[in-house]
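Structure first, then comments.
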Amino acid sequence: MSKIKPFIRSSYAVAALITACCILLHFMDTNSLLAFRRDGIANGEYWRLFTGNLLHTNQWHLLMNLAGLWVLLLLFKPHFQALSFTLIFSALCLLQGLGLYLFYPGLLGYVGLSGMLHGLFTYGAIRDISTGLKSGYLLLLGVIIKVAYEQIFGASAQVTEMIGARVATEAHLVGVITGIFVVGLVSLFSKLYRKANI
């Protein structure tokens, strides 16, 4: 019991809940209700901005995204507690949906965590930099080069074939931008909190 409590209060518990939710939604076939669909959002179905991130085109897509989530959590574990990870994950998902809706009017539909994962990676790399880890610069440069390459040349044909759909490289770009934005938000709230408690 003493080992369970720390797990429940950790970011791992949040990631486990997200994993279970994504798996459940995938096998319940909820795309028609929850996927990012531009026409649905325009008609007031605003939850799709968030929930579209939790759906996937097939099992490979689901497996790759969930593996990515856990790898990033392990890579950037020092930056996350249960509450902060929950808030950052939620903010990145919502901003991902908003970014795609506002800036890519030609994108009619989208599902998957990959955009949010790019945001989480960017957030973690910048936080590494802020704590003095030089590797953060390499990580940030790497994700910027990857996303820039995708904007010019597109995604890998192998990944497209594996997930059974076009890779929405727009989502990756939005993810990087929202990751930077969330770092700014977190820094702002941290400063306001410190001032309030002086």
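Since this is a predicted model, take the numbers as computed values, not measurements. By convention here, the first residue in the shown sequence is residue 1.
Hydrophobic clustering (side-chain heavy atoms under 4.5 Å, transitive across Ile, Leu, Val, Met, Phe, Trp, Tyr) groups Ile180 together with Ile88. In this structure, Leu100 is not a member of the same hydrophobic cluster as Leu108, with clusters built from ILVMFWY side-chain heavy atoms closer than 4.5 Å.
With sequence neighbours excluded, no residue forms a ring pair (Phe, Tyr, Trp, His ring centres under 6.0 Å) with His26. The ring pair (Phe, Tyr, Trp, His ring centres under 6.0 Å) search around Phe181 returns none, not counting sequence neighbours. The side chain to side chain contact (heavy atoms under 4.5 Å, CB included) test applied to Ser156 returns Gln158, Val159, not counting sequence neighbours. Residues forming a side chain to side chain donor-acceptor pair (under 3.5 Å) with Thr57 (at least two apart in sequence, or on another chain): His61. When the side chain to side chain donor-acceptor pair (under 3.5 Å) test is applied to Gln81, no partner is found at least two apart in sequence or on another chain. Among residues two or more places apart in sequence or in another chain, the side chain to side chain contact (heavy atoms under 4.5 Å, CB included) test is passed with Ser114 by Asn65, Tyr110, His172. Partners of Lys146 by salt bridge (Lys or Arg N to Asp or Glu O under 4.0 Å), not counting sequence neighbours, listed by chain and number: Glu150. A search for side chain to side chain contact (heavy atoms under 4.5 Å, CB included) contacts involving Ser187 returns Val183, not counting sequence neighbours.
Going from atom CD of Glu45 over to atom CG of Asp39 covers 7.5 Å, rounded to the nearest 0.5 Å. Put simply, CG on Leu139 and CG on Leu133 are 9.5 Å apart, with the number rounded to the nearest 0.5 Å. Taken from CZ in Phe50 to CE in Met116, the straight-line distance is 9.0 Å, to the nearest 0.5 Å. Rounding to the nearest 0.5 Å places CG of Leu117 at 11.0 Å from CG of Leu73. To the nearest 0.5 Å, atom CG of residue Leu54 and atom CG of residue Leu24 are 11.0 Å apart. Note that OH of Tyr137 is 5.5 Å distant from CD1 of Ile129, once rounded to the nearest 0.5 Å.
Within the hydrophobic cluster formed by Ile, Leu, Val, Met, Phe, Trp and Tyr side chains joined at under 4.5 Å, directly or through other members, Ile152 is accompanied by Tyr149, Phe153. Here Leu87 is tied into one hydrophobic group with Leu83, each link being a pair of ILVMFWY side chains closer than 4.5 Å.
With hydrogens and angles disregarded, no donor-acceptor distance shorter than 3.5 Å links the side chain of Arg37 to the backbone of Gly109. The backbone N or O of Tyr101 lies less than 3.5 Å from a partner atom in the side chain of Arg38, making a donor-acceptor pair. A donor-acceptor pair is defined here as one N or O able to donate and one able to accept, closer than 3.5 Å; no such pair exists between the side chain of Ser84 and the backbone of Phe80.
At a threshold of 4.5 Å between non-hydrogen side-chain atoms, the residues Cys21 and Leu17 do not count as touching. No side-chain heavy atom of Phe85 sits under 4.5 Å from any side-chain heavy atom of Ser10. For the pair Asn53 and Phe89, the minimum side-chain heavy-atom distance is 4.5 Å or more. In this structure the side chain of Leu49 reaches within 4.5 angstrom of the side chain of Phe36, judged on heavy atoms. For the pair Thr30 and Thr51, the minimum side-chain heavy-atom distance is 4.5 Å or more. Counting heavy atoms from C-beta outward, His79 and Asp128 have side chains that approach closer than 4.5 Å. Using a 4.5 Å heavy-atom threshold, the side chains of Leu173 and Thr169 count as separate. In this structure, the side chains of Val174 and Tyr104 come closer than 4.5 Å at one or more pairs of heavy atoms.
Closest approach of Asn58 to Gly164, counting heavy atoms only: ND2-N, 3.7 Å. Taking both residues in full, the closest heavy atoms of Trp70 and Thr19 are given as NE1-OG1, 2.9 Å, listed atom of the first, atom of the second, then distance. Heavy-atom minimum distance, Ser90 versus Thr86: OG-O, 2.8 Å. Here the closest non-hydrogen pair linking Leu75 and Pro78 is O-CD, 4.4 Å.
Lys77 forms a cation-pi arrangement with Tyr12, by the criterion of a distance under 6.0 Å to the ring centre and an angle within 45° of the ring axis.
More than 12 non-hydrogen atoms from other residues, nucleotides or ligands lie less than 6.0 angstrom from CH2 of Trp47.
Pairs engaging residues 176-185 under the side-chain hydrogen bond (donor to acceptor under 3.5 Å, both in side chains) rule: none recorded [sequence neighbours left out].
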For residues 119-126, which side-chain N or O atoms pair as donor and acceptor with protein atoms under 3.5 Å away, sequence neighbours left out?
from	atom 1	to	atom 2	distance (Å)
Thr122	OG1	His118	O	2.8
Tyr123	OH	Arg127	NH1	3.0

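When each of Val111, Leu113, Ile23 is paired with His56, the side chain to side chain contact (heavy atoms under 4.5 Å, CB included) condition holds for Leu113 and for no other.
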